[in-house]
Each structure stands twice: as C-alpha cells, then as structure tokens.
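For ligands, and for the atoms within them, numbers begin at 1 and follow the listed sequence. Quick caveat, the model's predicted, so the values are computed rather than measured.
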Amino acid sequence: MKALVYHGPGEKSWGDVPDATIQDPTDVVVRVETTTICGTDLHILAGDVPAVTDGRILGHEAVGTITEVGDAITSFKVGDRVLVPAITRCGRCEYCQRGMPSHCQTVGGIGWIFGHLIDGTQAESVRVPYADTSLYLVPEGVSDEQAIFLADSLPTGYEVGVLAGGVRPGDTVAVVGAGAVGLSAVLTTGLWGAARVIAVDSNKFRLEKALDFGATDIVEVGPNSVEEVRALTDGLGVEVAIEAVGYPETLLNAAAMVRPGGTVANVGVHGVPVELPMQEMWIQNINVTMGLVDTVSIPTLLKMVASGKIPAEKMGTHTFSFDQMDEAYDVFKNAADNLALKVVIQPS
Ligand SMILES: [Zn+2]
Ligand SMILES: [Zn+2]
C-alpha cells in the first residue's frame with residue numbers, strides 16, 4: 001500500500017510500505033477513504049515530537065471502511081463505515097474508566113498513538129488497535145467530509161475549550177486564535193447558549209470565517225485587543241476565554257480578558273513556559289484549565305452533525321488526492337496565506 005512516511009525533521013515521502021495487517025485479536029484494518037492533516041503533524045515534521053521516529057506513517061484522523069477484523073472484535077464487521085479518532089482507548093485501564101482515554105495506560109500512557117507511537121492514517125489502510133472501544137460508526141446522513149473533523153479538531157475545541165471552560169447560557173466567550181481548533185470552539189460554543197462569541201485573530205480571512213461559524217463579534221489583534229474585548233462586555237471581561245494558539249502572549253491576553261470568577265480554557269499547544277500573573281489572578285477567582293482531548297464527545301457531535309446543528313463540513317476548505325499529499329501539506333502549512341482551514345485528502 002501507499003502511505004506518507006516520516007523520515008526525520010523536514011523529511012517525508014508518499015510511497016510504498018507493507019500493507020496494514022491484523023496483529024492482535026482486538027485490531028481491525030480500515031481502508032482510509034478520507035484523512036486530513038493536523039497542526040501536530042507540522043510539529044512532528046519540525047522535529048518537535050522526538051517520540052516519532054524515522055519510518056513512522058503520519059496522521060491521526062480518518063474515515064473509512066473496515067476491511068478486516070481480529071478474532072476478538074464483537075462490535076464491528078467488515079464493510080462498516082467508521083470514524084478513526086485521534087485517541088485510542090483500551091476501555092479498561094484506570095484512565096479509560098475515568099473517561100480520560102487521553103492517558104490510556106494500555107496503549108502507551110497516552111491515547112494519541114496514531115502517527116506517533118504506531119503507524120497512522122495518512123495511508124491507504126491503517127491498523128486500528130482496541131477497535132471495539134475506539135472506533136465510531138458513522139451514521140447515515142453524515143458525510144466523510146463532515147465526519148473527518150470529528151476525529152480531532154472539533155472535539156478538541158469542544159471538550160478542551162467549551163466544556164472545560166464551563167460555558168453557560170448567556171455567557172460572553174472570547175476565542176483567542178481562529179485557526180481550525182479555535183473555529184471548532186466557535187462552532188460549538190453556541191450549543192451551550194453563549195450570548196456573545198468574540199473571535200480574536202490577526203488574520204482577516206480567519207475572522208471572516210469566525211463570523212460565518214457563529215461568532216457575533218470579531219477583534220483584530222493589535223495593541224488594544226484586550227481593551228476592545230473588554231469594551232464589548234461593559235468593561236467587566238468575558239466569562240470564558242478560550243486560548244487556541246499556544247504562545248505566552250496569547251495566553252496572557254486571554255487571561256487579561258476574563259472577569260472575576262471566569263475561566264481561561266487553554267487549548268493551545270505550548271512549547272515554552274508561560275509566566276502567569278498569579279498575584280492578580282488569585283484574588284479574581286480565575287480558573288485555568290488545559291488538556292489533551294479525550295474525544296469522548298464524538299457520539300454527541302456525530303448526532304449534532306447528523307441533525308444539522310453543526311455544519312462540520314465548513315472546516316474543509318481544500319480537497320486533495322492521496323498522490324497530492326505534498327501539495328496538501330504545503331497548503332496546510334501556510335493555511336492562513338492560502339485561505340485554508342483544514343484540508344480533505346481522499347484516494348483519487
Ligand atoms: Zn491532531
Ligand atoms: Zn485505557
């Protein structure tokens with residue numbers, strides 16, 4: 001089969017590799033019919049994730065059809081159309097039983113294993129371990145081009161942003177960073193009845209998208225963006241600020257936008273330490289949350305997509321075939337310049 005193989009920092013190639021096969025009775029093999037690229041894949045290619053070694057097939061998001069099932073599989077059969085989520089769960093370890101498969105002990109101490117600790121989904125086929133407890137059937141009426149974004153980006157914005165932030169009816173929510181994950185938070189914040197959703201970004205295309213995705217206000221990043229956000233809340237500050245960038249200054253800005261008793265929900269992937277003004281934050285009763293997605297909201301999100309409440313397909317701005325994988329990476333790498341959010345990659 002063909003797959004996108006990582007060959008060390010900056011090096012990757014789309015080429016022939018051995019077929020994905022069943023290795024354990026709890027495995028299935030899925031023929032990949034739609035995949036996409038995540039910001040994390042770019043971090044890997046930049047050399048930021050040393051656990052990913054030369055020869056690893058990248059990718060942790062897929063929709064496809066089961067072509068083989070292991071002897072222990074009881075919930076799925078050959079021919080089922082399934083969503084392969086970014087997180088794999090054994091279902092039985094301490095963390096899986098607490099609803100935190102992001103830290104599944106059985107699969108490696110972290111639930112994100114595809115394109116990280118085992119071969120991933122940017123391939124014609126993928127081996128899925130613990131398939132019974134990890135895969136989701138894609139309901140009729142949900143297209144591949146919708147379901148693919150439920151593998152990672154939508155649950156991340158929803159779980160780590162909206163749910164962790166504790167958005168409630170009538171709240172004003174600021175989303176700092178309107179890339180794919182920030183926009184996923186914008187797209188799902190309304191489900192909890194936020195009265196106002198303020199998108200903050202430096203890029204005009206992304207701010208326009210934010211309005212299309214349900215933001216009520218936009219603020220272009222500048223020296224006064226914190227004041228501009230506060231001005232939209234009668235100077236009080238927002239109830240919830242969702243940070244979806246991952247830089248010290250964006251987290252500090254998000255913290256400065258929150259009113260006493262509010263929550264800063266950090267979704268961004270940080271690479272360096274951040275010094276928070278605890279001397280100001282403690283006395284304002286500010287909550288700070290952060291985390292890796294569990295993808296446990298996928299069944300809920302699938303229902304909301306099926307009923308038309310979440311137009312997930314809007315995340316996909318560009319479509320490529322498997323043999324255009326390099327081009328897909330180039331467009332995604334410079335997403336804002338290319339007026340791109342997420343790419344859809346399918347067999348030709
Ligand atoms: Zn991802
Ligand atoms: Zn587990």
Side-chain angles (χ1 to χ4, degrees), residues 4 6 12 24 26-27 32 34-46 48-49 51-52 56-63 72 75 83-123 126 128-135 147-161 177 179-185 244-246 266-271 290-298 301 312 315-316 328-329 332-333 335 340-345:
L4 187 82
Y6 174 72
K12 60 175 167 39
D24 293 306
T26 45
D27 292 350
V32 176
T34 303
T35 186
T36 184
I37 305 170
C38 176
T40 308
D41 297 319
L42 301 181
H43 277 291
I44 293 169
L45 278 164
D48 296 342
V49 190
V52 181
R56 177 67 64 228
I57 297 171
L58 297 181
H60 51 264
E61 297 149 281
V63 181
S75 302
L83 171 62
V84 183
I87 300 293
T88 301
R89 64 170 156 182
C90 77
R92 307 188 73 148
C93 73
E94 168 106 6
Y95 291 113
C96 281
Q97 294 211 2
R98 288 181 181 213
M100 287 182 63
S102 53
H103 296 278
C104 178
Q105 295 295 290
T106 312
V107 300
I110 185 155
W112 167 46
I113 58 172
F114 289 119
H116 180 204
L117 308 180
I118 67 168
D119 283 335
T121 57
Q122 289 164 7
V126 60
V128 179
Y130 295 98
D132 265 342
T133 39
S134 299
L135 289 176
I148 187 64
F149 303 121
L150 273 57
D152 187 358
S153 53
L154 265 165
T156 298
Y158 183 58
E159 294 175 21
V160 189
V181 172
L183 287 171
S184 296
V245 185
N266 178 85
V267 188
V269 176
H270 288 264
M290 65 195 83
L292 173 63
V293 68
D294 288 302
T295 65
V296 293
S297 66
I298 287 176
L301 294 172
M315 300 294 302
Y329 264 88
F332 185 69
K333 193 173 177 181
L341 295 177
K342 290 279 277 187
V343 296
V344 173
I345 309 172

Trainee: Compare every heavy atom of Glu61 with every heavy atom of Thr35, then report the nearest pair and how far apart it is.
Mentor: OG1-O, 2.7 Å
Trainee: With rounding to 10 degrees, what does the angle Cys38:SG / the Zn ion (ligand 1) / His60:NE2 come to?
Mentor: 110°
Trainee: Counting only heavy atoms from other residues, nucleotides and ligands, does the tally under 6.0 Å from OH of Tyr329 exceed 12?
Mentor: yes
Trainee: Taking 2.8 Å as the cut-off, does Cys93 contribute an N, O or S atom near the Zn ion (ligand 2), distance below it?
Mentor: yes
Trainee: So which of the N, O or S atoms of Asp152 lies nearest the Zn ion (ligand 1)?
Mentor: OD2
Trainee: Kindly give the heavy-atom pair with the smallest separation between Gly246 and His270, and that separation in Å.
Mentor: O-ND1, 3.3 Å
Trainee: Please check if any side-chain donor atom of Glu159 sits under 3.5 Å from a side-chain acceptor atom of Ser297, or the reverse.
Mentor: yes
